[in-house]
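Each chain gets a letter, A, B and so on, in the order the sequences are listed, and its residues count up from 1. Just so it is clear, the model here is predicted, and its values are computed rather than measured.
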Amino acid sequence: AQSVAQPEDQVNVAEGNPLTVKCTYSVSGNPYLFWYVQYPNRGLQFLLKYITGDNLVKGSYGFEAEFNKSQTSFHLKKPSALVSDSALYFCALSNTGKLIFGQGTTLQVKP
Amino acid sequence: DGGITQSPKYLFRKEGQNVTLSCEQNLNHDAMYWYRQDPGQGLRLIYYSQIVNDFQKGDIAEGYSVSREKKESFPLTVTSAQKNPTAFYLCASFQAGYTFGSGTRLTVV
């Protein structure tokens, strides 16, 4: 069965520090992996995706993610966090025409 | 501008009443999806449709119904059989990439 796990409910980081939001997945076959961000009472905004090619994917707002096939992970990273990055982040997997989400991680960036 | 429109943004209904949530897209996307979002549970797939006049159940379809009579429209009906309907509902479409609507927050009292 396909699944996505985000092991941390919340990540706290100081502004200017690097941030990592973790994601692991389980799938048979090649995964299409995504990261989305959600602000309160809003829809999801696309950040980046991995389909094939380079394992390091660069996306919107300075975010990047590294695909690691051996560890079945797709962690989201940013070198220097901003207070405005505070939001709910979702990792997602698409394999059979459906998008399957992790449970979400709340990122709190403190000034 | 192309996009997905969900209406209304907030919806209140009495327990036992059916309610229909609207989702319209002008992206010419073939596939459309409905997700339910609850705190701490992420987004769960209710129904999806990959082509007009066809749709499939997702992981939590019980108590919901959909139709796909037009490519642009994929309305979701929350029936009285849905035991805990209060939630945030998100519609999405797909063609090369996923696009999400801004959501409808349904509160049943």
Side-chain angles (χ1 to χ4, degrees), chain A residues 1-11 21-27 31-53 57-60 65 74 76 87-108, chain B residues 1-11 21-25 27 29-51 54-61 86-107:
Chain A
Q2 303 170 95
S3 65
V4 178
Q6 293 179 242
E8 302 155 315
D9 289 338
Q10 181 157 329
V11 169
V21 183
K22 296 180 179 177
C23 172
T24 59
Y25 67 90
S26 174
V27 68
Y32 294 171
L33 295 161
F34 302 80
W35 275 102
Y36 290 88
V37 61
Q38 184 182 36
Y39 296 95
N41 291 313
R42 302 292 299 275
L44 272 65
Q45 296 178 29
F46 171 79
L47 283 178
L48 51 82
K49 67 180 177 183
Y50 172 82
I51 304 297
T52 187
V57 179
K58 293 189 183 296
S60 305
F74 190 56
L76 180 71
L88 182 58
Y89 290 80
F90 288 101
C91 182
L93 163 71
S94 177
N95 180 254
T96 57
K98 296 184 293 183
L99 198 57
I100 298 167
F101 288 87
Q103 69 269 38
T105 298
T106 298
L107 173 65
Q108 190 73 37
Chain B
D1 290 334
I4 295 184
T5 300
Q6 287 188 245
S7 60
K9 190 172 178 65
Y10 298 95
L11 189 56
L21 282 59
S22 171
C23 178
E24 302 281 331
Q25 55 105 352
L27 300 165
H29 286 179
D30 287 318
M32 297 186 74
Y33 305 80
W34 273 106
Y35 288 90
R36 171 182 170 136
Q37 185 176 11
D38 297 282
Q41 295 194 50
L43 279 73
R44 293 180 289 168
L45 183 63
I46 305 172
Y47 268 98
Y48 63 106
S49 168
Q50 294 183 318
I51 197 169
D54 188 42
F55 48 83
Q56 289 80 40
K57 293 182 179 180
D59 300 318
I60 56 165
T86 294
F88 189 58
Y89 292 87
L90 280 165
C91 180
S93 68
F94 174 81
Q95 191 129 326
Y98 290 91
T99 301
F100 285 84
S102 56
T104 293
R105 183 164 295 281
L106 173 64
T107 302

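The part of Leu90(B) that comes within reach of chain A is its side chain, from C-beta onward, which places non-hydrogen atoms under 4.5 angstrom from that chain. Looking at Gln37(B), only its side chain comes within 4.5 Å of chain A, counting heavy atoms on both sides. Proximity to chain B is limited to the side chain of Gln38(A), based on heavy atoms less than 4.5 angstrom apart. Contact of Tyr48(B) with chain A is made through the side chain alone, with heavy-atom distances under 4.5 Å. Within the 4.5 angstrom heavy-atom criterion, no atom of Tyr32(A) approaches chain B.
For chain A, the option among Gly103(B), Gly58(B), Gly42(B) with the highest count of heavy-atom pairs below 4.5 Å is Gly42(B).
Residue Tyr35(B) forms a ring-ring contact (aromatic ring centres under 6.0 Å, His included) with just one option from Tyr36(A), Phe101(A), Phe90(A), and that option is Phe101(A).
Applying a 4.5 Å heavy-atom cutoff, the residues of residues 43-51 of chain A that approach chain B are Gly43(A), Leu44(A), Lys49(A).
Remark: Lys58(A) NZ is loosely packed, at most 12 non-hydrogen atoms of other residues, nucleotides or ligands lying under 6.0 Å away.
The CZ atom of Phe100(B) lies 14.5 Å from the CZ atom of Arg42(A); values are rounded to the nearest 0.5 Å. With values rounded to the nearest 0.5 angstrom, Ser94(A) atom OG is found 6.0 Å from Phe94(B) atom CZ. Here the CD1-CG distance, from Ile100(A) to Asp59(B), works out to 7.0 Å after rounding to the nearest 0.5 Å.
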